[in-house]
2 protein chains.
Amino acid sequence: MRVTINDIAKVAGVSPSTVSRVIANNPKISAATREKVFKIMQEMNYHPNIIARSLANQSTRIIGVVIPGMADKAFQHPFYPEILRGISSIAYKNKYNILISSIGNPEEEKHSVKQFACGGITEGIILLASRTRNSSVSELLKLDFPFVLVGKPENDHEVNWVDNDNFAIGYQLTQHLIEQGHRKIAFIGVVPEHFVTMDRLNGYKQALQEHGIPCDEQLIVESRFITDNGYDLMKKLLERGKLPTGVIGCDDLLCFGAMKLITERGLKIPEDIAVAGFNNVPLADYSHPPLTSVEINAFSLGSKALELLLAALHSEYQSFNRAIIPAKLVIRESTLSRR
Amino acid sequence: MRVTINDIAKVAGVSPSTVSRVIANNPKISAATREKVFKIMQEMNYHPNIIARSLANQSTRIIGVVIPGMADKAFQHPFYPEILRGISSIAYKNKYNILISSIGNPEEEKHSVKQFACGGITEGIILLASRTRNSSVSELLKLDFPFVLVGKPENDHEVNWVDNDNFAIGYQLTQHLIEQGHRKIAFIGVVPEHFVTMDRLNGYKQALQEHGIPCDEQLIVESRFITDNGYDLMKKLLERGKLPTGVIGCDDLLCFGAMKLITERGLKIPEDIAVAGFNNVPLADYSHPPLTSVEINAFSLGSKALELLLAALHSEYQSFNRAIIPAKLVIRESTLSRR
DNA sequence: CTGAAAGCGCTTACAG
DNA sequence: CTGAAAGCGCTTACAG
């Protein structure tokens, strides 16, 4: 069916080895035969079979991306496409391809990870963390298969990982609100199983403490899922009889919901309540008022993750590396008191 | 290094063929040897090499997904993850894997498409349309490689494709506004190169016409990119001296921007201006006020696309199929006049 | 500079 | 029910 190396070898009157060497740009081939073979390859519309090459080379140039959150609606967060873009940009530069896990539930995730790691399809895996206890991490560790985690692992030392400094981010955003004169600052959307939210919360607590503001646990609203909506969380907060002057939401999307409730209650943002989020989603600019947030550079999280992975694959010596991607406070109207 | 079929054959004292048959669950193998071989496979932690199997089978069970819009920020639209989820759900059920194109610019896209199609890695391709003139379509057509387009092609007849009926959707949404008493309805965000937006616009025009409302071209605001923001488009509209009572944005995200400007100008939604969009992004529920939109079922677009592709791959006879995914008007406060 | 041969790890008619 | 052999389409030491 398809044109193979043998077909063009025959037509060119050379051996398959020679054709292979022409393709590989082996310098030992004479210019004459190189030309001749190339011409015939063109004419016969030859394209190397990547699978065969992978088998012979023992190298597939495919990396797997496992997205645990893909099952649920959270996957619609702009964060994920940005990470994928980042991964993809580095993949292209290094002639790698990206295989993504097709997963609905944790069962399928496990299966995907196993298949990627044991099936010899992928050379390495990028795992997008979503839960604190990620069984895929221990699985990959057990298999001794190269991978990079996007997000903080349970144990720093045996894993390659990339993340923001979420503690610092939480601290920074809280400090910004304190500087704007707030002392009653709520923190909504903490999911205890998610390191990200816990780290941000701890940053918040630290900032309060350093400014001599006692931490009121009643101002902290937990959430069971990262997808819970801010509207309900905000409502829960108000039902506790707490009326903060500032609200930090663990994600911008939560903030939009919270802002809706605040407005419905006839309160003004930022005059009555300032609101700030994390992740700087594109819409943060277009909410009403525009939302102060923290740009986490998801693109860089992705590209750096693949860089680490490729480094690990091509390095002779094993080491466990970590990369912290800088984040940046983006101040908008939702936290600007006009005093 | 890795355990191969030969290794376990030796240990089990059978031939590699037998091991292969055990793996393939060939019924001709005796229960006894089956058990024995399975046990040793377990003990030795054997996993078949997918690449080798692909080469022998001439079947990779990998399908490629090419995302032309991946280059730009538009990829952050919740639409894409949803499509991917849809594709992925069907992929998992059919034991297929998904390879995504790593592309930044049209050049890279072309390269990806060629590689996927000619390299023998993927058995078929799902192409997410983004431009009217998609060179990848003609490329794949020329290569006679199986693919399904998500979005409407230039020529219906030679392509498998999946889409919503965007004309009907545009019509439906416009009619809803007309029913709410609006006669001065603007339509913003038309990108002439995008079939989607043109079809929706034509539906709008048709609805106006059927209700005896003359179409005022001044009320239609074009956009150069799908990523243009609604804030600016809305501003452009108002600068023309046109003050509609209803605004339809070609995408919900545009509407959020438009709503921001409207509110800034001291106008009320929906009392002064009703706003409605398409695509029903998750945030439509949480905007202020909640945004009327059209649910396009992106998940189904994706899953149906893969279903069509698999059908095409496994069918003996070639045919060009088309699937229209139903959409549903979701009415929220942004268009509910309280008269 | 080029070719014959072995090998990558599997599958599958063909015999028996 | 099982094995020996050929083959999938490449690559790459080894000779020459």
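What you see is a predicted model, and the numbers here were worked out from it, not measured in a lab. Here is how names work: the chains are called A, B, and so on, in the same order as the sequence lines, proteins then strands, and each is numbered from 1.
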Subject >> Spacing between B/Ile121 atom CD1 and D/dC8 atom C1', to the nearest angstrom >> reply: 16 Å
Original post:
Do the side-chain N and O atoms of B/Gln76 and A/Tyr80 include a donor-acceptor pair separated by under 3.5 angstrom?
Top reply: no
Original post:
Which nucleotide sits closest to the side chain of A/Arg53: D/dT11, D/dG3, C/dG3?
Top reply: D/dT11
**OP:** Determine, step by step, whether B/Lys39 and B/Glu43 satisfy the salt bridge (Lys or Arg N to Asp or Glu O under 4.0 Å) criterion, reporting the C-alpha distance in whole Å, the side-chain angles of both residues, the deciding distance to 0.1 Å, and the verdict.
**Re:** CA-CA 6 Å; B/Lys39 189 149 154 277; B/Glu43 285 171 11; 3.7 Å; yes
Original post:
Does a nitrogen or oxygen in the side chain of A/Gln58 sit under 4.0 Å from OP1 or OP2 of C/dG9?
Top reply: yes
Original post:
Only one of A/Val162, A/Ile296, A/Asp163 clears side-chain contact (heavy atoms from CB on, under 4.5 Å) with A/Ile325; which?
Top reply: A/Val162
Original post:
So what does B/Thr33 touch, heavy atoms closer than 4.0 Å: a base, only the sugar-phosphate, or nothing?
Top reply: sugar-phosphate
Subject >> Integer-rounded Å distance: C/dG9 P and B/Lys10 NZ >> reply: 11 Å
**OP:** Describe the nucleic acid contact of A/Ser17 in one word from base, sugar-phosphate, nothing, applying a heavy-atom distance below 4.0 Å.
**Re:** base
**OP:** Identify whether any heavy atom of B/Ser20 sits under 4.0 Å from a base atom; if not, whether one sits that close to sugar-phosphate; answer base, sugar-phosphate or nothing.
**Re:** base
Original post:
Given atom CZ of A/Arg21 and atom C1' of C/dC1, what is their separation to the nearest angstrom?
Top reply: 9 Å
Subject >> Given D/dC10, C/dC14, D/dC8, the nucleotide with the shortest approach to the side chain of A/Tyr46 >> reply: D/dC10
Original post:
In terms of the nearest nucleotide of DNA chain D, which residue is placed more toward the 5' end: B/Ala31 or B/Leu55?
Top reply: B/Ala31
Original post:
So, is A/Ser54 close to the D/dC10 phosphate, meaning a side-chain N or O under 4.0 Å from OP1 or OP2?
Top reply: no
Original post:
Is B/Thr4 near enough to C/dG9 that one of its side-chain N or O atoms lies under 4.0 angstrom from OP1 or OP2?
Top reply: no
Original post:
Under 4.0 Å between a side-chain N/O of A/Asn57 and OP1 or OP2 of D/dG9, yes or no?
Top reply: no
